[in-house]
Amino acid sequence: MIPVAFDYVAPTTVEEALSALAEHGDEAKVMAGGQSLLPVLRMRLNAPEMVIDLGKIESLRGIRDDGDAIVIGAMTSHSDVRSDPLVAEHALLLARAEAELADSQIRHRGTFGGALAHADPAGDLGAPALALGAQFVIAGPGGSRTVEAADFFVDLFETAIGDDEILTEVRIPKHTGWGAHYEKFVRIKHQWAIVAVDADGRGDGGTIAEAGVGLTNMGSTPIRASAVEAAVAGSAATADGVRDAAEQATEGTNPPSDLNGDADYRRHLARVLTRRALVAAAGG
Ligand SMILES: Cc1cc2nc3c(=O)[nH]c(=O)nc-3n(C[C@H](O)[C@H](O)[C@H](O)COP(=O)(O)OP(=O)(O)OC[C@H]3O[C@@H](n4cnc5c(N)ncnc54)[C@H](O)[C@@H]3O)c2cc1C
């Protein structure tokens with residue numbers, strides 16, 4: 001289908017983009033890579049009068065070292081995040097998750113910030129952002145504010161970003177030297193996750209000293225598996241060692257039932273994938 005006609009602007013600064021948003025209010029939509037927005041417009045699920053393309057705002061692109069964190073610009077493409085040396089060194093989990101996200105064409109056009117702002121619970125970046133304790137920097141008419149990952153994902157396709165605001169960058173606390181793994185369960189290659197579990201962990205002579213664990217598509221938002229994280233600390237980094245902790249993966253979840261599997265099947269998957277992800281992360 002062809003989208004309903006809309007006006008289009010491509011500002012070159014965040015300030016210009018914010019003014020366009022303020023001018024058009026509810027009638028405007030910002031566009032990043034367009035990989036989720038354009039299908040929505042083509043299906044006529046949304047019909048904004050104005051599309052504000054962020055693609056020409058160079059300050060929103062790139063990855064930098066900022067002391068105890070790395071900072072990823074919202075408009076950085078998935079493929080650039082996946083191949084970045086700072087990400088590999090300090091936030092390996094993101095590189096692992098990006099490698100499993102869609103296919104190379106979508107990773108080339110789609111953006112890190114766009115995927116997080118879209119907040120699809122089956123998206124591959126929300127749960128890793130939670131497990132890594134990411135902070136979201138959001139610009140609005142009154143300046144910038146920082147939102148913790150735990151407060152960013154509000155509901156299905158809903159985040160803490162207001163109608164008059166733009167996500168500008170995401171700060172990832174350094175997890176230097178941590179092992180990481182993203183275990184995504186799909187029926188067909190490049191599919192959205194039926195369930196996925198991510199884990200990053202710091203080892204200490206054969207045991208898991210500390211771990212971050214996140215669940216994808218186990219509720220209306222990405223979920224941090226805090227019970228697993230607490231239970232696994234000090235466990236042997238083996239399938240048997242993490243088994244009891246992985247059993248707690250379903251705590252606080254509310255998985256959907258659909259053609260790919262019912263809620264019970266997803267709960268089973270979450271436990272199995274958590275065990276696999278923890279062992280693989282501990283192995284590097
Ligand atoms: C065939 C297909 C398969 C896919 N498979 C997967 C998959 O397996 N896993 C996965 O995670 N994703 C998948 N995706 C989605 C992909 O990750 C997109 O890149 C992502 O969801 C949206 O990123 P985008 O940059 O294209 O954002 P856009 O589509 O441009 O925007 C998405 C939404 O976020 C808003 N937005 C974007 N940027 C900002 C910002 N800076 N501030 C405020 N709001 C903003 C937009 O207004 C819009 O509502 C798939 C997409 C397609 C088309």
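Given the structure is predicted, the values throughout are model-derived calculations rather than measurements. In listed order, ligands and their atoms are each counted from 1. In this chain, numbering begins with 1 at the start of the sequence shown.
- Protein heavy atom closest to atom 9 (N) of ligand 1, with residue, atom name and distance, is Asp124 OD2, 2.7 Å.
- Residue, atom and distance of the protein heavy atom nearest to atom 16 (C) of ligand 1 are Ile106 CG2, 3.9 Å.
- An N or O contact shorter than 3.5 Å is missing between Ala117 and ligand 1 by distance.
- Listed by number with element, the atoms of ligand 1 under 4.0 angstrom from any heavy atom of Gly33 are 24 (P), 25 (O), 26 (O), 27 (O), 30 (O).
- For a threshold of 3.5 Å applied to N or O pairs, the pair formed by Leu167 and ligand 1 contains at least one separation below that value.
- Near Met31, meaning under 4.0 Å from one of its heavy atoms, ligand 1 places the atoms 30 (O).
- Close approach of ligand 1 to Ile166 (heavy-atom distance below 4.0 Å) involves ligand atoms 41 (N), 42 (N).
- Taking a cut-off of under 4.0 Å to the non-hydrogen atoms of Val30, the atoms of ligand 1 that pass are 36 (N), 39 (C), 43 (C), 44 (N), 45 (C), 46 (C), 47 (O).
- Remark: ligand 1 and Ala32 share an N or O pair separated by less than 3.5 Å (distance only, no angle test).
- Using a distance-only test at 3.5 Å, with no hydrogens or angles considered, a donor-acceptor pair links the side chain of Glu229 to the main chain of Val213.
- Taking any N or O of Glu165, backbone or side chain, none lies under 3.5 Å from an N or O belonging to ligand 1.
- Take Asp204 and apply the salt bridge (Lys or Arg N to Asp or Glu O under 4.0 Å) test, not counting sequence neighbours, and it matches no residue.
- Between the side chain of Asp66 and the backbone N or O of Asp68 there is no donor-acceptor pair closer than 3.5 Å.
- Below 4.0 Å from some heavy atom of Leu54 lie the following atoms of ligand 1, by number and element: 40 (C), 41 (N).
- Atoms of ligand 1 found under 4.0 Å from any heavy atom of Gln35, numbered from 1 in the order shown, are 18 (C), 19 (O), 26 (O), 29 (O), 53 (C).
- Any N or O atom pair closer than 3.5 Å counts here, and Gly34 shares at least one such pair with ligand 1.
- Under 4.0 angstrom from ligand 1, the non-hydrogen atoms of His118 come from both its backbone and its side chain.
- A continuous path of ILVMFWY side-chain contacts below 4.5 Å connects Tyr265 to Leu273, so both sit in one hydrophobic cluster.
- An N or O contact shorter than 3.5 Å is missing between Arg109 and ligand 1 by distance.
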